[in-house]
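Contents: one structure, followed by commentary.
As the structure lists them, so they are numbered: ligands from 1, and atoms in each ligand from 1. These figures come from a predicted structure and were not determined experimentally.
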Amino acid sequence: MKVAVVGATGMVGEVMLKVLAERNFPISELLVVASEKSKGKTLMFKGEPHTVITLEEAVAEAPDLAIFSAGGETSLQWAPRFAQAGTTVVDNSSAWRMDPAIKLVVPEINAHELTEKDKIIANPNCSTIQLVMVLAPLHKAYRMKRVVVSTYQSVSGTGVKAVKQMENEMEGTKGEMAYPYAIHRNALPHCDVFLDNGYTKEEMKLAKEPRKILGDDSFSVTATAVRIPTSGGHSEAVNVTFEKDFDLGEVRKLLSETPGVVVQDNPDTNTYPMPLYAHDKDDVFVGRIRRDESLPNSLNMWIVADNLRKGAATNAIQIAEYLVSKNLLAGKVV
Ligand code: 2RA
């Protein structure tokens, strides 16, 4: 199968290549695609050098699959052009996520909705993916009414410039700033841009995307997204109120039986998820599970995942794997 990775030189693009190799995704020909300024660069894949080509050159190759992580503007302009060439696009940007004609997919939850007609498929936001992986089974069992989530997001979610700023600050050196303030030894309640309603775009993604993925507008989500000086993954403090009451033991059992979710929860042994240990793993880790004593039918949890893997690259590749498994992709599997 001819596969293009668009945005291959970015942080998520690099993880996409790593995960494609790790999972031995069936690729007969790989196109590594980036902007004009990166044309001609060499990227390694499975020990072989690959030369970066431009979007114009890649679309002319009409790959069977294109996995995008190149920003919303590039996706809006180029995903339709690849689709017209017969390519199935899995896009990691926010460009298509809330388009009613485009499916927003976490494979463990709603991959079954995909058909061969879906030529552009949206990968949800990283902080959404880890949240819904845990909420989906609980919603099915107890029906959510309201979710309050506070995120503690890795600097890697902003990109390489932000990671460099944090490293420079730790080394005491100056450099280009990705944020309006220092990030080291700080916490910035500012992920993405502010909107007229006082929320940030990141917080509104958390408010809207879970309802689309779960196919249910009967519950609401409110969020505060905070950037913290870590790089291993995103953490989320989550409070959920359900229509029905629950048994804590049953909640733990339900989550521990959910594919892709790992319960790490034992205060007696200081066992709880942390981004440093979630880094480079594909599972979503949940702990600090406890009844909210302030409100009936309510639960508190702490959810952690690697935002570049399950939060982006791995989820997108799992969508592609589902398409292959159901023979929904044009190209022959080698
Ligand atoms: C962030 N979720 O972490 C956004 C985009 N990756 O900044």
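Considering all non-hydrogen atoms of both residues, R143 and S218 come closest at NH2-OG, 3.1 Å. Contact between V5 and G13 at its shortest, heavy atoms only, is CG1-O, 4.2 Å.
Distance check: E176 CD to K164 NZ gives 11.5 Å after rounding to the nearest 0.5 Å. A distance of 11.0 Å separates OG in S154 from CG in L276, rounded to the nearest 0.5 Å.
For K310, the side-chain hydrogen bond (donor to acceptor under 3.5 Å, both in side chains) partners at least two apart in sequence or on another chain are E108, N315, Q318.
Side-chain atoms of K2 do not come within 3.5 Å of backbone N or O of S28 as any donor-acceptor pair.
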Under a 3.5 Å threshold, I'd like every N/O contact between ligand 1 and protein atoms, with atom names and distance.
{"residue": "ligand 1", "atom": "2 (N)", "partner": "N125", "partner atom": "OD1", "Å": "2.9"}
{"residue": "ligand 1", "atom": "2 (N)", "partner": "E202", "partner atom": "OE1", "Å": "3.2"}
{"residue": "ligand 1", "atom": "2 (N)", "partner": "E202", "partner atom": "OE2", "Å": "2.8"}
{"residue": "ligand 1", "atom": "3 (O)", "partner": "Q153", "partner atom": "NE2", "Å": "3.1"}
{"residue": "ligand 1", "atom": "3 (O)", "partner": "R227", "partner atom": "NH1", "Å": "3.1"}
{"residue": "ligand 1", "atom": "3 (O)", "partner": "H234", "partner atom": "NE2", "Å": "3.1"}
{"residue": "ligand 1", "atom": "6 (N)", "partner": "G157", "partner atom": "O", "Å": "3.1"}
{"residue": "ligand 1", "atom": "7 (O)", "partner": "G157", "partner atom": "O", "Å": "3.1"}
{"residue": "ligand 1", "atom": "7 (O)", "partner": "R227", "partner atom": "NH1", "Å": "3.4"}
{"residue": "ligand 1", "atom": "7 (O)", "partner": "R227", "partner atom": "NH2", "Å": "2.4"}

